[in-house]
Enquirer: 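For reference, the structure I am asking about is given below.
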Amino acid sequence: TMLSTEKVYNHAELQRWIERVNKAAAQLGIPINSLIFRATPKLDGFAAYDDGEHLYTRGDGKRGTDITRVMERGLIVANNGKRGLGAGEIVVSASYFQQHLADKFENSRNFQASVVKEKELGSATAKAIEAKAVVFFPFSLLPSWQGSSVQLIEHLDEIITQQYNSVDYDVDGVVIEIINDELKTYMGATRHHHRWQVALKENLATAKVKVVQVHPQTSRSGRVNPVVEIEPVRLSGALIKRVTAHHYGMVKEKGIGPGAIIELTRSGEVIPKIIQVISAVDPELPPCCPSCGAKLIWDNDYLFCTNNTQCPAQISHTIEHFFRTLGNIDGFGPATIDKLYANEIRSIVKIYTMDSEDFEQVGFGPKQSLNLVNQLQRSRVEQIEDWRFLAAFGIFRMGGGNCENLLRHYPLDEITTRSDNPPSTTSSSPIAGKLLVFTGTMKRGKRSDMQAQAKKLGAKIGSTISAKTDYLITGENVGATKINAAQEKGVQIVSESEYLAMLTTPAPQPEQPPQPSLAF
Ligand SMILES: [Zn+2]
């Protein structure tokens with residue numbers, strides 16, 4: 001029961017499966033006209049297994065992680081069913097989702113994840129559980145159609161429609177199986193799926209829908225993308241509320257705006273596309289950047305916000321892209337980045353200098369703050385592919401593939417130091433990210449020049465000693481107050497010559513933050 005289900009996409013493929021079943025039945029001497037087929041809706045939920053005492057995740061053909069906590073949080077079995085009914089799905093009522101959750105979760109899958117997660121439940125999720133809008137639905141309790149293979153083929157379209165409409169949950173296919181245990185055992189399974197069961201998926205679905213609004217969204221590159229909000233429609237089992245137009249050139253040319261009628265298609269589990277505009281209206285074009293208010297400019301079919309260094313959307317999406325691309329760091333999703341942004345923490349460099357106190361100061365809880373710091377630390381020491389690291393900076397035209405190509409010709413170290421402005425990128429310096437205080441008269445040059453150089457190497461400059469100071473760099477004629485303060489706070493005191501020697505020593509690589517100053 002923990003294998004995945006083989007998918008078939010049309011009548012011919014289903015027919016071939018039925019022939020295999022019939023052949024196996026004949027080999028066992030079971031009369032074909034006595035075989036019973038069953039059709040049930042294929043729930044698009046979070047797969048789980050209930051052994052009566054514990055609830056487990058499923059996947060990879062094994063019993064997965066214990067998620068009994070979900071039951072302790074008040075999740076019930078569908079149809080007042082009892083515990084211990086084996087395999088099923090955690091699902092949320094589609095109508096409840098649309099009414100209460102659609103503005104909080106991108107899709108029901110994200111919501112399901114919020115039900116299962118280890119962390120404390122959000123209030124919307126807790127409410128949905130309390131309202132019994134989310135349930136564990138054992139497969140054995142699903143409504144079903146039963147009949148012979150002849151009836152199945154003859155009434156296939158009606159049977160499919162009936163199954164899709166039999167539950168108020170997201171359905172992404174119809175499971176068809178035989179119920180004869182002897183035959184099931186005989187047919188057995190491949191490494192991936194049972195041979196006695198298939199899922200019939202609708203390969204292609206189209207719908208004509210009305211446009212509610214066109215929302216501009218500024219990406220990290222400054223390109224403003226049109227997201228077309230539509231009156232919700234079910235396509236291939238999924239509820240669709242938004243669809244992306246290619247660019248504003250298309251919106252303008254085809255006349256997409258409130259009230260327009262468009263035709264959509266969705267193939268399998270792929271994101272929906274606009275096929276054509278059936279009834280055009282005055283296009284809805286944004287006069288300015290939805291994030292920063294800057295005037296937009298056209299570049300061929302695309303609208304751009306050129307306020308690259310100030311636009312909140314561009315900055316926060318760039319930071320999001322960085323952490324998402326690293327791929328080994330949790331907790332730095334849009335909500336975290338937005339919160340940091342609101343508190344004027346707007347660069348990757350700055351984030352990497354934060355300790356848990358800093359996170360708490362901008363409103364994160366103690367536990368989350370500690371977790372964020374641990375995640376940052378993990379990303380400093382955990383090895384990742386060079387291309388991934390390079391792609392994380394989101395440099396124009398430098399996606400994963402181009403990064404791999406470039407790295408075939410130049411090692412990473414060489415790429416990161418190749419620049420028109422070498423000092424700003426040599427953040428492999430041991431003082432990168434460190435807080436320095438200079439004091440006394442320097443021999444090498446003006447103190448302000450040395451401070452400027454240190455900044456270029458990624459250091460922060462302070463004027464007074466605090467517990468956060470990393471180094472006190474001492475020239476000649478230093479007052480005792482500064483030295484005492486440094487000793488008291490455990491700040492390392494280095495002479496000017498020691499400091500200069502330090503600058504020529506590369507930092508040990510594993511402890512190096514991912515050279516964040518490249519990003520901005
Ligand atoms: Zn902008």
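Read the numbers this way: they start at 1 and go in the same order the structure lists the ligands and their atoms. In this chain, residues are counted from 1 in sequence order.
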Enquirer: Between Tyr352 and Ser379, is there a side-chain donor-acceptor contact under 3.5 Å, judged purely by atom types and distance?
Expert: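 Yes.
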Enquirer: Everything protein-side that's N, O or S and under 2.8 Å from the Zn ion (ligand 1): list it, residue and atom.
Expert: Cys289 SG, Cys292 SG, Cys305 SG, Cys311 SG
Enquirer: Verify whether one side chain among Ser114 and Thr125 offers a donor that lies under 3.5 Å from an acceptor in the other.
Expert: yes
Enquirer: Identify whether the distance between the nearest side-chain nitrogen and carboxylate oxygen of Lys468 and Asp358 falls below 4.0 Å.
Expert: yes
Enquirer: Test of understanding: with salt bridge (Lys or Arg N to Asp or Glu O under 4.0 Å), list the residues that count as partners of Arg447, not counting sequence neighbours.
Expert: none
Enquirer: Can you name the nearest heavy-atom pair linking Arg388 to Leu326, along with the distance?
Expert: CD-O, 3.1 Å
Enquirer: Before giving the answer on side-chain hydrogen bond (donor to acceptor under 3.5 Å, both in side chains), spell out for Arg109 and Gln112 the whole-Å C-alpha distance, their side-chain angles and the decisive distance to 0.1 Å.
Expert: CA-CA 5 Å; Arg109 210 165 276 199; Gln112 289 148 15; 5.1 Å; no
